[in-house]
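Note sheet for the following structure.
Chain letters run A, B, ... following the sequence lines, proteins first, then strands; residues in each count from 1.
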Number of protein chains: 2
Amino acid sequence: MNCPVAQTLEQIGDWWTLLIIRDALNGVKTFTEFQERTGIAKNILTERLGTLVENGIMVREKTRPEVNRYHYRLTAKGEALLPILIAIIQWGDQWVYGGEGPLRIVDAKSKETIRPLTIQAADGRPLSRAELRFHPGSAATTTA
Amino acid sequence: MNCPVAQTLEQIGDWWTLLIIRDALNGVKTFTEFQERTGIAKNILTERLGTLVENGIMVREKTRPEVNRYHYRLTAKGEALLPILIAIIQWGDQWVYGGEGPLRIVDAKSKETIRPLTIQAADGRPLSRAELRFHPGSAATTTA
DNA sequence: CAGTATCCTCGCAGATACTG
DNA sequence: CAGTATCTGCGAGGATACTG
């Protein structure tokens, strides 16, 4: 499917994959720590991490040259997933937890909760749903 | 899992579900049109639409009182998924298509492409990844 | 610790046929 | 048109045991 939604889902659309990325953004680095936090089976975790590395979303690095310990770290492509995660967290917080969710994302300095993501025109003006269009083809996002 | 990411994925984390929402945001309304656009099997589509309605993301309405034709429409909860979709589209466009993707999201008035989503502090100042913290527990997004 | 290597199952997706 | 109903498979995901 020639659609950025489908293509993105191809790389991160899997349940476990997004949870791995969530944990990575929270500073998790090692295989075992990912495994304990997500509760995923080891073979599945191996495969998911492998795919993430293949897709250039994470890299696998030795912690020290002579020991078999590894860190998984997000690449720039992986870090760029942050807005997706934020959007997901904010939606879940509002619509599942009614604004009282267990997780806040805060400004490190002021400790204040960050704003809901807003959609902005090229000049910075906020746009509502109705002011947006998908191109090309008003109802032709999709497929081929 | 008591985590807004997991909870959100519970409701929209499925491959087909997000594609349905993508199409709904593009104005698709009827069962058959969803089916043709996504290529999903009918029984699966039935189930997915049913779940979306159960979860309050879409509603099913008769087009006219006496005929068995229906429209599926996004609720406010469903429309609120827009930032997630936008974030996904923008990521796919940049990191899969290298900025030359097949889909642009434009300001209906000016026809200009909208900005990449930015993360903002309470005062509107844009925040980088490093300036964010997840609370509570620096590395404790997660679970229970 | 950081994985492989197997085995097993069950549930989801697909296909097809049918209905108001 | 807008679905239900049924069958069927296959493959992702889990559990467990093993390894450098």
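Out of D/dG3, C/dA2, D/dG13, the shortest distance to the side chain of A/Tyr70 is found at C/dA2. Proximity note for B/Ile44 (side chain, C-beta onward) versus C/dA2, C/dA13, D/dA2: the nearest is C/dA13. Nearest to the side chain of B/Asp14, among C/dA13, C/dA2, D/dA2, sits C/dA13. The A/Trp16 side chain lies nearest to D/dG13 when the options are C/dT4, D/dG3, D/dG13.
Rounded to an integer number of Å, the gap from NZ of B/Lys42 to C1' of D/dC1 is 9 Å. Separating the CD atom of A/Glu61 from the P atom of C/dA2 is a distance of 14 Å, rounded to the nearest angstrom. Rounded to whole Å, atom C1' of C/dC1 lies 11 Å from atom CD of A/Glu36. One atom, CD1 of A/Ile40, and another, C1' of C/dG3, lie 13 Å apart when rounded to the nearest Å. The NE2-P distance, from A/His71 to C/dA2, rounds to 9 Å in whole Å. Here the C1' atom of nucleotide D/dA15 and the CD atom of A/Gln35 are 12 Å apart, to the nearest Å. For the pair B/Leu45 CG and C/dA15 P, the computed distance is 14 Å after rounding to whole Å. If you measure from atom CD of A/Glu47 to atom P of D/dA12, you get 7 Å, rounded to the nearest angstrom.
For C/dG3, the OP1/OP2 oxygens have no side-chain nitrogen or oxygen of A/Arg69 closer than 4.0 Å. OP1 or OP2 of C/dG3 has not a single side-chain nitrogen or oxygen of A/Thr46 nearer than 4.0 Å. For the OP1/OP2 pair of C/dA13 and a distance below 4.0 Å, the side-chain nitrogens and oxygens of B/Arg48 include at least one atom meeting the criterion. For D/dA2, the OP1/OP2 oxygens have no side-chain nitrogen or oxygen of B/Arg60 closer than 4.0 Å.
If B/Asn68 and A/Thr32 are placed on DNA chain C by their nearest nucleotide, the residue sitting closer to the 5' end is A/Thr32.
Residue A/Lys62 places its NZ atom among more than 12 non-hydrogen atoms of other residues, nucleotides or ligands, all under 6.0 Å distant. Atom NZ of A/Lys77 is surrounded by more than 12 heavy atoms from other residues, nucleotides or ligands within 6.0 Å.
Across all strands shown, D/dC1 forms a Watson-Crick or G-U wobble pair, both distances under 3.5 Å, with C/dG20.
Residue A/Tyr72 is in sugar-phosphate contact alone, with no base atom involved, counting any heavy-atom pair closer than 4.0 Å across all strands shown.
With a 4.5 Å cut-off on side-chain heavy atoms, B/Ile86 and B/Pro83 do not count as touching.
Ion pairing between B/Arg104 and B/Asp93 fails under the 4.0 Å rule for side-chain N and carboxylate O.
Between the side chain of A/Asn43 and the base of D/dG14, a donor-acceptor pair under 3.5 Å is found.
When the side chains of ILVMFWY residues are joined at heavy-atom separations under 4.5 Å, either directly or via intervening members, A/Leu52 and A/Ile44 end up in a single hydrophobic cluster.
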